[in-house]
2 protein chains.
Amino acid sequence: MADAERILDRIRAAGGRVTGPRRQLVTALVDADDHVTAEDLAAAVGEPHLSTVYRTLDALEELGVVDHVHLGHGRAVYHLTDASHQHLVCEACGDVTEVPEGLFTSLARKLQADYGFRMRPNHFAVLGRCAACQSTQSTQSTPA
Amino acid sequence: MADAERILDRIRAAGGRVTGPRRQLVTALVDADDHVTAEDLAAAVGEPHLSTVYRTLDALEELGVVDHVHLGHGRAVYHLTDASHQHLVCEACGDVTEVPEGLFTSLARKLQADYGFRMRPNHFAVLGRCAACQSTQSTQSTPA
DNA sequence: ATCTTTGCAAACTTTTTGCACCAAT
DNA sequence: ATTGGTGCAAAAAGTTTGCAAAGAT
């Protein structure tokens, strides 16, 4: 929870103000130490207005403290940048598996080498099918 | 353009009807042979109602003929499933580079081996920074 | 005192849905 | 004749914004 204070200091250092909602949101974010949606956060801290949540998250993103990821078609999820990992999302059951970012470094290196492209790996999730759902529902067509 | 007819036949085979809008949309999709948004398609074929476009794309997706990808925060883009490639999207300039899917097979193999997860690589784009924007604006912070 | 943040309501963007009419089979 | 598709308008979902009041520095 010293983490939260460190982040709040960073807000202040950037000329921002540490308000009640912000302190609560930052704390919730640190405590969650996992992907949470804006709604999750709001619910976790006594329902501030969603616009407040989004604005706070924006501010934190500008500070480089949080990042957001699109797991699927719906809401985005936010997490602290130092918890850098990838998300494998099963399209069948919705299960989310976190995998270390290291798995992607070889791909990242290749994209950099061949295309000069530096990937930011964790902004979008990797969609597919988890182990359980592969055996269960083989309804997955392999289209021509 | 025999491609378009083949797809239309597939619609019919599935009990669907080949209407004017559908014929136009399928043709536009084949002609585009690249990522297009629902709006792009609508504009390309004389502005049918967007709901028609979405419904047609849904139908085509159920047939396994098209797939859609989220390139960024906004609209999704659609493409024929047989044009299987990945998209590298530059967050700075918006440029989209297509890369062969082969680059991802080693990653896919690893995810399958280690996590039993079978990735569907092209549903989300890979975000990052293209070669040009890496040199230009080094505003990219590397947060703690 | 100043400048930021809040809450609200309302706009916004993208996509979905209900419904009556129309068209392909 | 039947069943599926169309257009419209309106809703839905997620996020953003303008504004006046409240709060942090």
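In the text below, chain A, chain B and the rest are named by the order of the sequence lines, each starting its count at 1. These numbers were taken from a predicted model, which means no experiment stands behind them. Note that these values count all heavy atoms, side chains included, but never hydrogens, waters or copies made by symmetry.
One atom, CG of B:L25, and another, C1' of D:dT6, lie 12 Å apart when rounded to the nearest Å. Between the CG atom of A:D58 and the P atom of C:dT6 there is a distance of 12 Å, rounded to whole Å. Counting to the nearest Å, the P atom of C:dT6 and the CD1 atom of A:I11 are 9 Å from each other. Rounded to whole Å, the distance from NE2 on A:H68 to P on D:dT16 is 8 Å. Atom CG of A:D9 is separated from atom P of D:dA24 by 16 Å (rounded to the nearest Å). In this structure, CG of B:L57 is placed 10 Å from P of C:dT15, rounded to the nearest angstrom. Rounded to an integer number of Å, the gap from A:L8 CG to C:dT5 P is 13 Å. Per the geometry, CD belonging to B:Q24 stands 15 Å off C1' belonging to D:dG7, to the nearest Å.
For A:R55 against D:dG18, a side-chain-to-base donor-acceptor contact under 3.5 Å is present.
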Using atom names, set out every protein N or O paired with an N or O of nucleotides 22-24 of chain C below 3.5 Å, distance rounded to 0.1 Å.
{"unit_1": "C:dA24", "atom_1": "N3", "unit_2": "B:R17", "atom_2": "NH1", "d": "3.1"}

Would you tabulate the pairs of protein nitrogen or oxygen atoms and nucleotide nitrogen or oxygen atoms of nucleotides 11-15 of chain D closer than 3.5 angstrom?
{"unit_1": "D:dG14", "atom_1": "OP1", "unit_2": "A:R75", "atom_2": "NH1", "d": "2.2"}
{"unit_1": "D:dT15", "atom_1": "OP1", "unit_2": "A:A76", "atom_2": "N", "d": "3.2"}
{"unit_1": "D:dT15", "atom_1": "OP2", "unit_2": "A:Y54", "atom_2": "OH", "d": "2.2"}
{"unit_1": "D:dT15", "atom_1": "O5'", "unit_2": "A:Y54", "atom_2": "OH", "d": "3.3"}

In sequence, state the C-alpha distance, the side-chain angles, and the governing distance for B:R109 and B:M119, and then conclude on side-chain contact (heavy atoms from CB on, under 4.5 Å). CA-CA 9 Å; B:R109 219 180 342 253; B:M119 88 184 261; over 6 Å; no

Mind running side-chain contact (heavy atoms from CB on, under 4.5 Å) on A:T56 and A:Y78 for me, showing each step along the way? CA-CA 11 Å; A:T56 299; A:Y78 296 76; over 6 Å; no

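A 4.5 Å side-chain heavy-atom check between A:I7 and A:L80 finds at least one atom pair inside the cut-off.
Nearest to the side-chain atoms of B:S51 among the listed nucleotides C:dT17, D:dT6, D:dT17 stands C:dT17. When the nucleotides D:dG7, D:dG5, C:dG7 are ranked by their closest atom to the side chain of B:R22, D:dG5 comes out on top. Closest contact between the side chain of B:P48 and the listed nucleotides C:dT16, D:dG7, C:dC8 involves D:dG7.
Nearest heavy-atom pair across B:A76 and B:H68 is CB-CD2, 3.9 Å. The minimum heavy-atom distance linking A:A28 with A:L41 is given by the pair CB-CD2, 3.8 Å.
Using a 4.0 Å cut-off between a side-chain N of Lys or Arg and a carboxylate O of Asp or Glu, A:D9 and A:R6 do not qualify as a salt bridge. Ionic pairing of B:R55 and B:D58 is not present here: no N-O contact between side-chain nitrogen and carboxylate oxygen is shorter than 4.0 angstrom.
Of the possible polar contacts, none joining the A:R75 side chain to the A:E39 backbone as a donor-acceptor pair under 3.5 Å is found.
Of the residues B:L29, B:V65, B:V36, the one that meets the side-chain contact (heavy atoms from CB on, under 4.5 Å) test with B:L57 is B:L29.
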